[in-house]
2 protein chains.
Amino acid sequence: MTEAAVRILLCDDHAVVRAGLLALLGSEPDIEVAGEAGTGEEAVAMAAKLRPDVVLMDLQLGPGIDGVEATRSISATGIHVLVLTTYDTDADIARAIAAGATGYLLKAERPEELFTAIRAAAQGRTTLSPPVASRVMNQMRGAARPTLTARELDILGQLAQGLGNRDIARALFISQATVKTHLGRIYDKLGVDTRAGAVAVAKEQRLLP
Amino acid sequence: MTEAAVRILLCDDHAVVRAGLLALLGSEPDIEVAGEAGTGEEAVAMAAKLRPDVVLMDLQLGPGIDGVEATRSISATGIHVLVLTTYDTDADIARAIAAGATGYLLKAERPEELFTAIRAAAQGRTTLSPPVASRVMNQMRGAARPTLTARELDILGQLAQGLGNRDIARALFISQATVKTHLGRIYDKLGVDTRAGAVAVAKEQRLLP
DNA sequence: CCTCCCGTCAGCCGATCGGCTGATGCGAGG
DNA sequence: CCTCGCATCAGCCGATCGGCTGACGGGAGG
């Protein structure tokens with residue numbers, strides 16, 4: 001059987017990029033561009049109206065609601081959102097995934113990859129650009145669900161009181177050297193390198209009572 | 001017209017104190033002691049049954065639920081609670097007020113003051129013993145509601161990312177000296193002296209988005 | 001007009017931190 | 001038995017922090 005074409009909605013604040021994608025996708029008979037949006041608001045409205053199979057979403061959208069918010073709104077309606085953007089920072093990736101993105105491609109990706117990613121996204125399957133995939137894996141290794149040992153949580157608790165190493169050591173009846181050792185491991189696991197950052201992450205993920 | 005007598009419930013774990021109050025209040029024709037309780041549980045139960053105009057509550061109640069908890073339960077039913085206790089520590093005062101106390105008197109207070117405070121409490125008006133009042137004022141001036149300036153919140157935001165002073169300075173286009181100045185003031189306002197403590201307090205009171 | 005608050009900046013100094021390398025003891029699990 | 005994870009400890013070093021003192025300009029309000 002000949003499957004129906006995948007209907008997609010482009011969302012990028014740069015007309016040039018949209019035109020480029022349009023031209024690129026024109027060569028694929030099974031991919032049909034159902035519409036284009038230049039802002040997050042527009043994307044949300046058009047997605048609701050057109051009900052495309054996939055929304056190609058840039059994360060940088062200028063003023064108004066950003067790509068992450070748009071992704072959140074659209075994916076909440078059951079439409080697959082494939083993020084196509086320039087940057088691959090951990091923060092961007094994490095926010096996009098948390099917002100419900102089905103895939104995350106970099107614009108530097110080869111066109112063929114984009115096509116297959118679109119077809120995959122239409123079926124709800126995930127495609128990640130290699131750099132993104134490796135970053136996601138790294139997130140998983142320790143950052144996603146940092147498994148702190150009981151002792152490390154003890155130290156973290158004292159740390160969140162704003163205590164210095166000496167005071168933490170006294171409070172837990174260990175040496176300052178041990179406190180430093182634990183702190184180093186905590187930093188590793190939480191992906192930070194300062195006490196302030198550790199406290200921020202701890203509070204964020206509610207690692208402390 | 002002759003207003004009805006103010007009906008009050010005494011709550012103190014010392015029978016001697018209750019007797020003293022009873023004797024003291026006996027001289028006031030417009031104040032009627034509707035009942036006495038020796039524990040927090042008793043106070044809550046009797047308050048629900050008797051529906052007095054005012055509950056005279058001691059904060060120290062021995063075992064079981066304490067005065068603060070009793071105050072919380074009773075004031076939740078719309079009955080005015082006038083705390084009458086011996087101590088005037090910031091912690092006690094803050095907890096009692098947070099629990100919904102209408103007034104806070106010290107037992108060292110002159111009897112006349114107690115009478116007028118009871119009449120005031122019956123109408124929902126607040127009376128505070130002078131030492132308590134001044135403590136409350138001090139709480140207000142900076143400690144209770146840490147009013148951080150917009151700029152201080154900027155610095156705090158960066159701090160919560162775990163950044164060092166140099167990076168914060170760069171991010172906000174100011175010098176490290178300025179960052180340090182702001183940090184010092186933030187520490188003062190939040191009652192801490194380390195960045196980790198500042199982040200903890202900030203997260204705790206949701207000072208950051 | 002003068003004062004107070006806010007934001008900016010400087011320099012100094014001791015205390016603390018964070019990274020690194022390396023070591024010991026102990027219990028669980030293969 | 002031997003390895004691995006966890007907790008413990010040591011010393012070194014450069015970087016950073018936190019406290020302190022002092023200063024300046026601008027805006028709000030008395």
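Computed over heavy atoms, backbone and side chain alike; hydrogens, waters and symmetry mates excluded. Order of the sequence lines fixes the chain letters, A, B, ..., with proteins taken first and strands second; residue numbering starts at 1 for each chain. Just so it is clear, the structure is predicted and the values come from calculations on it, not from any experiment.
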| request: Assign Arg195(B) to base, sugar-phosphate, or nothing according to its heavy-atom contacts below 4.0 angstrom with the strands shown. | output: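 Result for Arg195(B) = sugar-phosphate.
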
| query | Hey, does Thr178(A) reach any base, or is it just sugar-phosphate, or nothing, if we go heavy atoms under 4.0 Å? | reply |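 Contact class for Thr178(A): base.
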
What nucleotide among [options] has an atom nearest to a side-chain atom of [X]?
| X | options | answer |
| --- | --- | --- |
| Glu152(A) | dG18(D), dC9(D), dA7(D) | dA7(D) |
| Arg185(A) | dC12(D), dC12(C), dT8(D) | dT8(D) |
| Thr149(A) | dC6(D), dG19(D), dC6(C) | dC6(D) |
| Tyr187(A) | dA7(D), dT8(C), dG18(C) | dG18(C) |

| said: Looking at Ile31(A), is its backbone amide N or carbonyl O close enough to the side chain of Arg119(A) to form a donor-acceptor pair, meaning the two atoms are under 3.5 Å apart? | reply: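 No, the answer is negative, given that no donor and acceptor are paired below the 3.5 Å cut-off.
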
| query | Side chain of Thr102(B), backbone of Gly124(B): donor and acceptor closer than 3.5 Å? | reply |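 No.
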
Let me know the distance between [atom1] of [X] and [atom2] of [N], rounded to the nearest Å.
| X | N | atom1 | atom2 | value |
| --- | --- | --- | --- | --- |
| Leu183(A) | dA10(D) | CG | C1' | 16 Å |
| Leu172(A) | dC9(D) | CG | P | 11 Å |
| Ile186(B) | dC6(C) | CD1 | P | 13 Å |
| Phe173(A) | dC9(D) | CZ | C1' | 18 Å |
| His182(A) | dG18(C) | NE2 | P | 15 Å |
| Lys180(B) | dA15(C) | NZ | C1' | 12 Å |
| Leu153(B) | dG7(C) | CG | C1' | 14 Å |
| Arg151(B) | dG27(D) | CZ | P | 16 Å |

| request: Check if the side chain of Thr194(A) and the base of dC17(C) share a donor-acceptor pair of N or O atoms closer than 3.5 Å. | output: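 No, the side chain and the base share no sub-3.5 Å donor-acceptor pair.
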
| query | Of all heavy-atom pairs between Val81(A) and Met57(A), which one has the smallest distance, and what is that distance? | reply |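 Between these two residues, the closest heavy atoms are CG1-CB, 3.7 Å.
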
N or O in side chain of [X] less than 4.0 angstrom from [N] OP1/OP2:
| X | N | answer |
| --- | --- | --- |
| Arg166(B) | dT16(D) | yes |
| Asn165(A) | dC17(C) | yes |
| Thr181(B) | dC9(C) | no |

| query | For DNA chain D, whose closest nucleotide is more 5', that of Ile155(A) or that of Ala196(B)? | reply |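 Mapping each residue to its closest nucleotide by heavy atoms, the 5'-most match is Ile155(A).
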
| said: Nearest heavy atom decides the nucleotide; on that basis, is Leu163(A) or Ser175(B) closer to the 5' end of DNA chain C? | reply: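 Mapping each residue to its closest nucleotide by heavy atoms, the 5'-most match is Ser175(B).
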
| request: Give a yes-or-no answer on whether the side chains of Thr178(B) and Ser175(B) include a donor-acceptor pair shorter than 3.5 Å. | output: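 Checked: Thr178(B)/Ser175(B) side chains pair up, N/O donor to acceptor below 3.5 Å.
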
| field | Flag side-chain contact, heavy atom, 4.5 Å: Lys189(B) against Thr149(B) | value |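 They are in side-chain contact.
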
